[in-house]
K.L.:
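Structure in structure tokens, see below.
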Amino acid sequence: MSDFTPALDIADRIRRGETTAQAVVRAALDAARGDPFNAFTRVFDSALDDAQGVDDGRLTGPLAGVPFAVKDLFDVAGQITTAGARLRIDAPAAVRDAEAVRRMKAAGAILIGTLNMDEFAYGFATVNAHFGTTKNPHDPERLAGGSSGGSAASVAAGLVPLSLGSDTNGSVRVPSSLCGVWGMRPADDTIPLDGVFPFVELLDAVGPFARTSRDLKTLYEVLSSTTLTGAAEGLRVARLDGFFERNAAPEALDAVEAVMTHLGSDLVAELPEAEGGRSAGFLMTAAMGGALHLNTLRARAMDYDPAVRDRLIAGALLPSGILAKALHYRDIYRQTFARLFDRFDILVAPATPVSAPRIDQATILIDGKPASARANLGIYAQAISPTGAAVVSAPLKTSGLPIGLQFIARPGREGALFALMHRLEDAGVLGFTEPGRRS
Amino acid sequence: MDDTAYTALREGAAAYLHLDLPPECEAGVAENLALLAKHAAILEQHLAEAEDA
């Protein structure tokens, strides 16, 4: 059964003795076993033992007794990390927890299972040839987004209040947008990647999901071992134009407009280099992902998800000179992007160009032409990944299908970023809406 | 990407990567190579603009 109670409220209720961690975790395990959206890939009954530790007072922390689940690319001691791949189902079990999982457990959170994803995190759909398609809780005929689709859908469906995913080119921001939950791509090097199955070393980031901005902030603080401070007053908030508007559907443009109107800001940030930045990230991903998988492709190409296999092989064939150019442009782009923060504090752009497409919808319009929906859901997120900035993907409060916005800050300004998120959530401009409560 | 270029890439793969492309992959790999070529062209354009600036 779904439960939409925020994580911090759950922790408070347990702390005050109004419920027990075991009761909370038992309910979450039951909900996960009955998951109708194919978000979960495994459920851990041992979570009840961990919950007993909270009730006994042995496990404490800001998230004591709060259930969570992880994308199936985080190492969990004693479990096989499949990374969504059939060819890893006989891999050796992980010896220890990923560092992000360890930090969650140290904060008292209870791991109840693993979550579906695009194979090896290479996709924006969570359409997985081996583990099935994760459905959007707001409309099961629609995509949940990817590659962390199980992470977003499990939170949106009220199966868990918190989850972990990863974001290389938008794999947190795309599914959080389509499922209407809060997500974050942290600034580079703020959350350790130890024990996370790699994809593109220079772009990979651990990313949390939650249903409120305050839950997300606490989750980020736990994962990054920081305490944030900052105020929303006086922030110069600008919308990114040009590339970030060109292919946006009306719902994405309206979302940006709603925020800017509420804030009374008409600031516009121009970034004509964004298209080049996106292409640099796209090429880096293909080349570095292909190189990472080359040995396995030589031996077991036919065991891959066909769509992922073909992308990886193409990437492996990319001349190294192109990768060198992509890396060079990435450096130029990062410097150009960083200069925007001399004039602005927070940048706003759509997280996805459209709300969730139907699962059988093959194309969306890109530059006026039909293009693969699954490949292009991440165009705006991909353009931000190479910058190394901190990004919160926030759901617009809407009666329609969910759509998310990227709020982007200079690394180190996460406190101000979250202060703005709290303000916009409190004002009813941003926020999660339970599935089934839309008009 | 035309057939000649793709054939050259296949041969390059065999020679340098020791990666024999299964026939089932050909259409998908060719489609993805075309997409990568498009992004490489965009990258070249932006690099040229950056060098001119």
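A note on names: the letters A, B, ... follow the listed sequences, proteins ahead of strands, and every chain is numbered from 1.
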K.L.:
Check step by step if side chain to side chain contact (heavy atoms under 4.5 Å, CB included) holds for A:Asp310 and B:Glu31.
P.N.:
CA-CA 9 Å; A:Asp310 295 352; B:Glu31 184 182 331; over 6 Å; no

K.L.:
Nearest 0.5 Å, what's the OH-CD distance between A:Tyr329 and B:Glu49?
P.N.:
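Interatomic distance, A:Tyr329 OH to B:Glu49 CD, rounded to 0.5 Å: 7.5 Å.
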
K.L.:
State whether the number of non-hydrogen atoms from other residues, nucleotides or ligands found under 6.0 Å of B:Gln45 atom CD is greater than 12.
P.N.:
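Yes, because the 6.0 Å sphere around CD of B:Gln45 holds more than 12 heavy atoms from other groups.
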
K.L.:
In residues 281-291 of chain A, what donor-acceptor pairs under 3.5 Å come from side-chain atoms, sequence neighbours left out?
P.N.:
unit_1	atom_1	unit_2	atom_2	d
A:Thr285	OG1	A:Asn169	OD1	3.4
A:Thr285	OG1	A:Asn169	ND2	2.8
A:Thr285	OG1	A:Gly281	O	2.7

K.L.:
For chain B, find its close neighbours in residues 118-132 of chain A: heavy-atom separation under 4.5 Å, sorted by number, or none.
P.N.:
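Residues of residues 118-132 of chain A touching chain B at under 4.5 Å: none.
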
K.L.:
Under 4.5 Å heavy-atom distance to chain B, tell me which part of A:Arg309 shows up: side chain, backbone, both or neither.
P.N.:
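Contact with chain B: side chain only.
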
K.L.:
So what's closer than 4.5 Å to chain B heavy atoms on A:Ile332: side chain, backbone, both or neither?
P.N.:
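When you check distances to chain B, only side chain atoms of A:Ile332 fall under 4.5 Å.
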
K.L.:
Distance-only criterion, 3.5 Å: show the donor-acceptor pairs between side-chain atoms of residues 37-44 of chain B and protein atoms not counting sequence neighbours.
P.N.:
unit_1	atom_1	unit_2	atom_2	d
B:His39	ND1	A:Ser279	OG	2.8
B:Glu44	OE1	A:Lys325	NZ	3.3
B:Glu44	OE2	A:Lys325	NZ	2.6

K.L.:
Is chain B contacted by the side chain of A:Ala326, its backbone, both, or neither, given a heavy-atom distance below 4.5 Å?
P.N.:
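Contact with chain B: backbone and side chain both.
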
K.L.:
Nearest 0.5 angstrom please: B:Leu36 CG to A:Ile322 CD1, how far?
P.N.:
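If we round to the nearest 0.5 Å, B:Leu36:CG and A:Ile322:CD1 are 8.0 Å apart.
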
K.L.:
Using non-hydrogen atoms and a limit below 4.5 Å, what part of residues 335-343 of chain A faces chain B?
P.N.:
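No residue falls under the 4.5 Å cut-off.
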
